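Here is the structure we will look at.
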2 protein chains.
Amino acid sequence: MSLIFSRQCEYALQAVIYLALNKNGSHVPIKDLTRKLKIPYHFLGKIMQDLTRKGLLVSEKGPRGGFALAMPACDITLFHIVDAIDGADFTRTCVMGFPECSGKKPCSVHGQWASLRDGIYAMLVSKNIEELSRTMQKPGYPGVLP
Amino acid sequence: MSLIFSRQCEYALQAVIYLALNKNGSHVPIKDLTRKLKIPYHFLGKIMQDLTRKGLLVSEKGPRGGFALAMPACDITLFHIVDAIDGADFTRTCVMGFPECSGKKPCSVHGQWASLRDGIYAMLVSKNIEELSRTMQKPGYPGVLP
DNA sequence: TTATATTCAGACTATTTAGTCTGAATATAA
DNA sequence: TTATATTCAGACTAAATAGTCTGAATATAA
Ligand code: SF4
Ligand code: SF4
């Protein structure tokens, strides 16, 4: 496989986007998320706990408990989530995996890759979850017709 | 981790680049590659066999045997290698892993990601191994001072 | 107060990827 | 012809990632 983000990270992005659609301030339990997003229940549980520890989410136990964003959706960028789950090594390492290449004597892909990588980073920091969730018209999502 | 290419794929790229530097038409045994590139011997062996089966390399057994490019280095692009090892799914799937999203009603990252992904693809098909190896000034490589 | 719905911690299994080992096949050179 | 250097096939182990299970802690509501 050659994916940009780990599966955990993809799930995290999807879950946080879904939470952002829950405008009324209530908490969303994993059961709801797992149903809508088709993500394995216990696996998603772990991911949500992780994001909570990282400070991106808040949680409540018991009936009417669940998860919610720890801050306004417009203050959470894609990068916050990617960095929390996968880290940001891809912004620093060689695409071809050459170890210890400083890029001092750059090869002929270095410059082009650097600008693409910067583009990816720019996208991740510029897109916030509020805007993204607003344009996320998926069947069954709040505010979307089936 | 969040890497663009699998480790196998990185190793394959490095090995093919090294082969391209071996101008004199002789074959390079795995032993040499593994020494220069610091890639595990038997693992690299498998990768080279894979590339041979895919038609990118040719091999010779016995003393003075080893591997060589199956065609002129300028005819092999990065994409040939990436596609042979990892496949090209990243050009087709959603960055955030949303299953079955056609992109018909594109969300607010779709366009930006599409152009970045096209940029990556364009880079992979435009860079050939000849040009790349020529600019690859690594200590211990043929034609490079230590 | 009791039943219930949830998070949460941690141990566990499964799958994928990475890496190792052994020995057979084969080509070269002495 | 024999010793040697290599590829190559395939079985194996190790590590990383993905996913499951159990039960404790805790908050709510009846
Ligand atoms: S110069 Fe080339 S090999 Fe070195 S880090 Fe940049 S892309 Fe990688
Ligand atoms: S529209 Fe958004 S969610 Fe759908 S495939 Fe494109 S990037 Fe993914």
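All of these numbers come straight from a predicted model, not from anything done at the bench. Lettering follows sequence order; numbering is per chain, from 1.
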Quick one: does A:Val28's side chain get under 4.5 Å of A:Phe67's, heavy atoms only?
no
Could you list the donor-acceptor pairs under 3.5 angstrom formed by side chains in residues 118-130 of chain A, with sequence neighbours left out?
from	atom 1	to	atom 2	distance (Å)
A:Ser126	OG	A:Ala122	O	3.0
A:Ser126	OG	A:Met123	O	3.2
A:Lys127	NZ	B:Ser108	O	3.0
A:Lys127	NZ	B:Gln112	OE1	3.4
A:Asn128	OD1	A:Glu130	N	2.8
A:Asn128	OD1	A:Glu131	N	2.9
A:Glu130	OE1	A:Arg134	NH2	3.1
A:Glu130	OE2	A:Arg134	NE	2.9

Send over the distance from A:Asp32 CG to C:dT6 P, rounded to a whole Å.
7 Å
How long is the straight-line distance from NZ of A:Lys46 back to CG of A:Leu51, given to the nearest 0.5 Å?
13.0 Å
Within residues 58-73 of chain A or reaching into it, pairs that qualify as side-chain hydrogen bond (donor to acceptor under 3.5 Å, both in side chains) - sequence neighbours excluded:
none
Protein-proximity profile, nucleotides 19-28 of chain C, B/S/- by nucleotide at the 4.0 Å heavy-atom cutoff, equals BBBB---SBB
How many whole angstroms separate atom CD1 of A:Ile85 from atom P of D:dA18?
11 Å
I need the residues from residues 47-58 of chain B with at least one non-hydrogen atom less than 4.0 Å from DNA chain D; give them sorted by number, or say none.
B:Gln49, B:Arg53
What contact category does B:Gly45 fall into here, base, sugar-phosphate, or nothing, at under 4.0 angstrom with non-hydrogen atoms?
nothing
Measuring only between side-chain heavy atoms, which start at C-beta, is A:Met96 closer than 4.5 Å to B:Met136?
yes
Do any N or O atoms from the side chain of B:His110 and from the backbone of B:Cys107 form a donor-acceptor pair under 3.5 angstrom?
no
Give the minimum heavy-atom separation between B:Leu57 and B:Met48, together with the two atoms involved.
CD1-CE, 3.7 Å
For the side chain of A:Thr34 and the backbone of A:Lys31, is there at least one donor-acceptor N/O pair under 3.5 Å apart?
no
Report yes if the side chains of A:Leu33 and A:Ile39 come closer than 4.5 Å at any heavy-atom pair, otherwise no.
no
Using a 3.5 Å limit for the pairing distances, which stems of at least 3 consecutive Watson-Crick or G-U wobble pairs does DNA chain D take part in?
C:1-30 with D:1-30
Rounded to whole Å, please give me the gap between CZ in B:Phe67 and P in D:dA5.
17 Å
Using a cut-off of strictly less than 4.0 Å between a heavy atom of the residue and any atom of DNA chain D, enumerate the qualifying residues of residues 16-30 of chain A by number.
none
